[in-house]
Protein chains: 2
Amino acid sequence: MLSFGCRTTHPSFRKQQKMTAAHTHDHLTLDEVAASCRERGLRFTDIRRQVMGILLNSEKPLGAYAILEQMTGDGSPAQPPKVYRALDFLVGNGFAHKIATQSTFTACAHPGQPHTPTFLICKSCDSVTEAEIPSSPIQEAAKATGFKVEGAVLEAEGICPDCA
Amino acid sequence: MLSFGCRTTHPSFRKQQKMTAAHTHDHLTLDEVAASCRERGLRFTDIRRQVMGILLNSEKPLGAYAILEQMTGDGSPAQPPKVYRALDFLVGNGFAHKIATQSTFTACAHPGQPHTPTFLICKSCDSVTEAEIPSSPIQEAAKATGFKVEGAVLEAEGICPDCA
DNA sequence: CGGAGACTCGTTATACTATTGCAAACTCAG
DNA sequence: CTGAGTTTGCAATAGTATAACGAGTCTCCG
């Protein structure tokens, strides 16, 4: 079951969740990220804010160079390390996720707690939904072998409800 | 629980499984792949055989260009498309897997049935073990949302039993 | 204040991963 | 043989990510 507050790029799925524009749990706001950083003693710099804003604004996950293209604000031609460093920060602190099978990045839909997101990627419409699996079965499978899991990537490709 | 016949790159783990050199289920042989191709009407060409051989021979997953480097047999400098086309064939037909988080490839450890492998990647010794999760939890999580899963990637990073 | 240490940023260059496009060669059934 | 479909050779290019290094900035603490 999807947790409440899941983030999906699929417009009509969002409608199903009966979210409102005013107070959506679809994702964070920049101010909330800023507050979280303040609490945790992290520096939410201009570049990081800019990248986070671009991710929050996007319907779909974005590649690093797609983000780069949107960073034309300051006049100087943005360089890759700028984006990758910001993404490292955002992913490392749980504000965004990397989708490994696509080499794209997306804002986190379940902020607050460290978690292992599951991404459901529609082959037909390219929408990506961040679901949450209650108790990770990977943990169990690994535990049986003595492997200590510190982080996991779960990504599924298929057909979303609206395309089916 | 790990299925019997799991393939791991970790030497001492292999020892725990009490595998023998003579008749190991650690992985396929080239002849078995060839036979499987014959059965299914697939063409197991020289290039594909060569790439499969390199994967089977390797302790660890290999990047496409690492494979390329080992393809010096025929004199002509091997081109990337050569390797990628062979890998597409091998992965597409279940003889090998791609490890998305590393952009590497490895021989399949559970041939015969289509399956969703789980890779346990040790941060310490870089070993990679292919485990198998009985009933995919992703399937269940997705089913609840109406998402139809056609393929999934499960990869966990952590510490293997021998490094712990 | 002011110095030390840690973190962040700008910049250049480069490494690594993967695909496109087209023509030639091969394979196999009819 | 012949034609359709597949595989290969080859050249170029697209896309993703990091290395290295110096300069600047923040914060803590004396």
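So you know, we letter chains A, B, ... as the sequences are listed, proteins then strands, and number each from 1.
An end-to-end axis angle of 30° holds for the helix from C/dC1-D/dG30 to C/dG30-D/dC1, taken from five base pairs per end and rounded to 10°.
Within the 3.5 Å criterion, the main-chain N or O of A/F44 finds no donor-acceptor partner in the side chain of A/R49. The closest donor-acceptor contact from the side chain of B/T29 to the backbone of B/E32 lies under 3.5 Å.
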What nitrogen or oxygen pairs link the protein and nucleotides 24-30 of chain D at under 3.5 Å?
none

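Distances from the side chain of B/R85 to the nucleotides C/dT8, C/dT11, D/dC10 place D/dC10 closest. In this structure, of D/dA17, D/dT7, C/dG10, it is D/dT7 that holds the atom nearest to the side chain of B/T45. Listed nucleotides C/dA18, C/dG10, D/dT18 differ in distance to B/F105; the shortest reach to its side chain belongs to C/dA18. The side chain of A/K98 lies closest to D/dA17 when the candidates are D/dA17, C/dT20, C/dA18.
With sequence neighbours left out, A/A66 forms a side chain to side chain contact (heavy atoms under 4.5 Å, CB included) with A/L62. In this structure A/K123 satisfies the side-chain hydrogen bond (donor to acceptor under 3.5 Å, both in side chains) test together with B/E150, sequence neighbours excluded. The side chain to side chain contact (heavy atoms under 4.5 Å, CB included) test applied to B/A35 returns B/R38, not counting sequence neighbours.
Summarising the geometry, the separation between CD1 on B/I47 and P on D/dT6 is reported as 17 Å, rounded to the nearest angstrom. Here the C1' atom of nucleotide D/dT16 and the CD atom of A/Q79 are 15 Å apart, to the nearest Å. Taking atom CG of residue B/L62 and atom P of nucleotide C/dA18, one finds them 13 Å apart after rounding to whole Å. B/N93 has its CG atom 13 Å from the P atom of D/dT6, to the nearest Å. For the pair A/D88 CG and D/dT18 P, the interatomic distance rounds to 7 Å; values are reported in whole Å. Put simply, NZ on B/K82 is 19 Å from P on C/dA18, counting in whole angstrom units. At whole-Å resolution of the value, CG in A/L68 and P in D/dG15 are 13 Å apart. When rounded to the nearest whole Å, the span between CZ of B/F44 and P of C/dC28 equals 15 Å.
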Considering only distance and modelled atom types, tabulate donor-acceptor pairs under 3.5 Å from the side chains of residues 93-104 of chain B, sequence neighbours left out.
residue: B/N93; atom: ND2; partner: B/F89; partner atom: O; Å: 2.9
residue: B/H97; atom: NE2; partner: B/H115; partner atom: NE2; Å: 3.2
residue: B/H97; atom: NE2; partner: B/E130; partner atom: OE2; Å: 3.3
residue: B/T101; atom: OG1; partner: B/E155; partner atom: OE1; Å: 2.5
residue: B/Q102; atom: OE1; partner: B/T104; partner atom: OG1; Å: 3.2

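We find that the ring of B/Y84 and the base of C/dT19 do not stack by the test of centres under 5.5 angstrom and planes tilted less than 30°.
Along DNA chain D, the nucleotide nearest B/P80 and the nucleotide nearest B/D46 are compared for position; the residue whose nucleotide lies closer to the 5' end is B/D46.
B/R40 and B/S36 share a side-chain donor-acceptor pair at under 3.5 Å.
Hydrophobic clustering places B/I47 together with B/I67 (ILVMFWY residues linked when any side-chain heavy atoms are closer than 4.5 Å, directly or through intermediates).
Note that OG of B/S127 is 7.5 Å distant from CG of B/D162, once rounded to the nearest 0.5 Å.
Side-chain contact check for B/V51 versus B/M71: some heavy-atom pair is nearer than 4.5 Å.
Note on A/S103: a side-chain N or O is less than 4.0 Å away from OP1 or OP2 of D/dA17.
B/Y65 contributes a side-chain N or O that forms a donor-acceptor pair with the base of C/dA18 under 3.5 Å.
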